Amino acid sequence: MVECLSLLNKIAAASALICQRLRPTVHGIITSRIKAHSEFINSSVDKATRTGATSLHLMKGQLESYQLSKQKRQNGISLAGNLLAVSPVSPVMAPTGKAQAAAKELLNSILDSVVRIFGNHIVIGELIESKSSPQSDTKILKSMSTDAYLDSKASHFSIGFSLTVLQSECQQLICEILRATPEAASADAAVQTARLASKAPTKEKSDGSEDGLTFAFRFTDATLSVPNKGVEFKHQGGWSKKGSDVSQEGYGSAAVLPEQGMYLAASVYRPVHQFTERLASMLPKRYSQLGNDGLLAFVENFVKDHLLPTMFVDYRKSVQAAISSPAAFRPRAHNHASYASSIEKGRPVLQGLLAIDYLAKEVLGWAQAIPKFAADLMKYVQTFLERTYERCRTSYMEAVLEKQSYMIIGRHDIDKLMRLDPASACLPNAFSQSNVRNNSSGAGSIDVESELSVLLLNLRPIRQENLIRDNHKIVLLASLSDSLEYVADSIERLVQVSPQNVEGGNPSQTSSSPARDLALSANEYRKLAIDCLKVLRVEMQLETIFHLQEMTHREYLENQDAEEPDDFVISLTAQITRRDEEIAPFVSGVKRNYIFGGICGTAANASIKALADFKSINLFGVQQICRNSISLEQTLAAIPSIDSEAAEQKLEHVRTYYELLNMTSEALLTFVTEHEHLFTPSEYINLLKVQIPGREVPLDAQDRMKEILSH
């Protein structure tokens, strides 16, 4: 065709005709492709309807994010529905939603067609350039005015002209998808076309300041103007489909997209990025100065200067709403009998933290879609997690403020012993640090539990007002601990799959730093979860001491066999049983064992140490104390996660100790000779000190016992 036009000296006229028709032709091609796509979808839906199936392609409002849509609560409310209520975007507009997939599929199809068109234009443009005759152009345009002559030069077809028009049309399509109206693209398209078309390709690379496309756009409901390096953005929260500056004829993309709006920029980014790379690979080297990244710059500016700030505000509001809701930190168990290890099975994570976890995953989903801005989005998540942590810390403090268990876990001596306690092995690594264990050489020979018991017993008398008497707060601490650990685990998994190579940035300053900050947040969440468990464990130990301290400074001179345990033991066992039942759905068996596992050792030590404060005791009194220990042993054995054998061994030790009071002093001295390490020297001496009706103790009995123990 070009050869024929050259022979007829019609190159200039043909160029003008192509330039005149190119924009409407490209517009028509894009529109027809969208229409065909829409007809194909509609036919697929009709076919599915006739066969009784349900099409998933355009099912608006379907709950699909994170595969939670099929899960139901016991009250029949969709778990996904509850969570999506806190998201600022609809389910179809979410990172994995139908609208995102549809927009990406549509744009890929359109841009693929544009690339093929541009391939033809490169061939035509190079041929026209080689066949153009400046003399014939001058002859044809001889009688034109200066303005007309400049207009005609602007109508000279070139690769630069084609690139400008194609990108301009694509930009307007993207604006329609995003519901953003280009202010300059339509009005200034002819000016830009003229400027670029009049440029002759050179071998010297220009600085690019005058190349490519410069876009200004606004959103259809425009009220707020934000200056941005010469590009004007006007924004209002909601978007309408038409505005005063919208082209009279759009592309009809709404027919194939479940929703339109600015969040679709996430699905636009990758296709445009790939489109730009394909254009760059197609351009001849001498045309490299044309600037083929105008469309990509437009999308990146849109994301950077408008989408990201709006996204931050939207998600910050959602986070605030999620953690300030009255139900956010209200424990609710789906299974009132046992603990479930996963959300799918009904793990009762607090609604506030479950919502934050969902929002964090959603924001990082946007980071996966637009990796160049992943660092910014990860910083948003970091900010949201910090705000949520403060809210969790507030709930924690409301439960433990001015309570003795909270105050003493902060003591250095108790904290160190709790770290060395073998029971802490079940806690996350944030607590039982390897360096602490390595610094405790020889600690294996130390009876950590006994040392802790002594420190706690020294706090007597324990006052009721210093204990957490409200069981709702006990349950909150248990639920908060498990929920914090759930979020910490989730954050760590998200860090592992987060974008590690942020485009156009220094990884050490972008992706690695936000990822490291997120990991630190996970650690803070885990530490607070451990504090909740530590408070609960110490609280139950203090509760035990509070009840058993009634043994001291009294006479155990009973007048009949013990049929029931003491009232304070009945109260203690009832408290243990009730609290175990209430927290059982909220913590795992291992954590329950940690919470209640300190009771047995504390009770055993408290019972043995109490003898030193007895005024007197008789045979029936010994039986009463043994009955008390049996009752406590049975209660602890009823807790599935408790090591019943260990509980039996420790409380049997109490019974053995008190049954020694039934021996004569001589028999006791003989027993000590054979079992000198079974009890401590002070405990053996107390057996001789206590007054027992009818038992005679020689004056030298204590000295003889001390001599035996010294050997």
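Worth saying up front: this structure is predicted, and the values here are computed from it rather than measured.
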When rounded to the nearest 0.5 angstrom, what is the spacing between [atom1] in [X] and [atom2] in [Y]?
X: F546; Y: L467; atom1: CZ; atom2: CG; answer: 6.5 Å
X: D482; Y: L477; atom1: CG; atom2: CG; answer: 13.0 Å
X: S481; Y: Y594; atom1: OG; atom2: OH; answer: 10.0 Å
X: S607; Y: M551; atom1: OG; atom2: CE; answer: 4.5 Å
X: M540; Y: I599; atom1: CE; atom2: CD1; answer: 4.0 Å
X: I356; Y: L350; atom1: CD1; atom2: CG; answer: 11.5 Å

Between [X] and [Y], does at least one N-O distance fall below 4.0 Å, as a salt bridge requires?
X: K650; Y: E633; result: no
X: K403; Y: E539; result: no
X: R554; Y: D613; result: no
X: D415; Y: K534; result: yes
X: R592; Y: D580; result: yes
X: E451; Y: K416; result: no
X: K527; Y: D531; result: no
X: R537; Y: D421; result: yes
X: E398; Y: R393; result: no
X: D517; Y: K379; result: no

Restricting to non-hydrogen atoms, name the atom on [X] and the atom on [Y] that form the minimum distance, rounded to 0.1 Å.
X: L353; Y: L484; result: CD1-N, 3.9 Å
X: S453; Y: T602; result: OG-CA, 4.0 Å
X: A529; Y: E485; result: CB-N, 4.1 Å
X: F373; Y: L308; result: CD2-CD1, 3.7 Å
X: A333; Y: P348; result: CA-CB, 4.1 Å
X: K304; Y: P309; result: O-CD, 3.5 Å

Only residue of Y315, Y269, Y380 satisfying side chain to side chain donor-acceptor pair (under 3.5 Å) with W366 is Y315

Verify, without hydrogens or angle tests, whether [X] (side chain) and [Y] (backbone) share a donor-acceptor contact under 3.5 angstrom.
X: D566; Y: F568; value: no
X: Q549; Y: I462; value: yes
X: S571; Y: D567; value: no
X: T573; Y: I570; value: yes
X: N471; Y: I474; value: no
X: N593; Y: G589; value: no
X: H653; Y: Q649; value: no

Practice item. Would you check, one step at a time, whether the test side chain to side chain donor-acceptor pair (under 3.5 Å) holds for S395 with R391? Key: CA-CA 6 Å; S395 291; R391 178 65 180 85; 2.6 Å; yes

Give a yes-or-no answer on whether the side chains of [X] and [Y] include a donor-acceptor pair shorter than 3.5 Å.
X: Q382; Y: E386; value: yes
X: Q575; Y: R578; value: yes
X: Y263; Y: D314; value: yes
X: Q351; Y: S325; value: no

Requested in this report: I would like to know whether L518 and L385 meet side chain to side chain contact (heavy atoms under 4.5 Å, CB included); could you show each step before the answer?
Outcome: CA-CA 8 Å; L518 286 179; L385 290 173; 3.8 Å; yes

Using side-chain heavy atoms (C-beta onward) and a distance below 4.5 Å, is [X] in contact with [Y]?
X: I343; Y: L354; result: yes
X: L480; Y: Y396; result: yes
X: V569; Y: L548; result: yes
X: Y406; Y: I468; result: no
X: I545; Y: L456; result: yes
X: V538; Y: M418; result: yes
X: R579; Y: E543; result: yes
X: Q100; Y: T96; result: no

The side chain to side chain contact (heavy atoms under 4.5 Å, CB included) partner of F596 among T544, L536, I576 is I576

Item to complete: Decide yes or no on side chain to side chain contact (heavy atoms under 4.5 Å, CB included) for Q404 and I408, but give the supporting numbers first.
Response: CA-CA 6 Å; Q404 199 162 10; I408 66 173; 4.2 Å; yes

* Y389 vs Y525 aromatic rings, parallel, tilted or perpendicular, using cut-offs 30° and 60°? -> tilted

- Query: side chain to side chain contact (heavy atoms under 4.5 Å, CB included) between L528 and C392: does it pass, once the steps are laid out?
  - Reply: CA-CA 9 Å; L528 185 55; C392 293; 4.0 Å; yes

Might you confirm whether atom CD of E465 has over 12 heavy atoms from other residues, nucleotides or ligands at distances under 6.0 Å?
yes

Discussion item. Does V454 form a side chain to side chain contact (heavy atoms under 4.5 Å, CB included) with N605? I'd like the steps, not just the answer.
Written reply: CA-CA 8 Å; V454 170; N605 280 295; over 6 Å; no

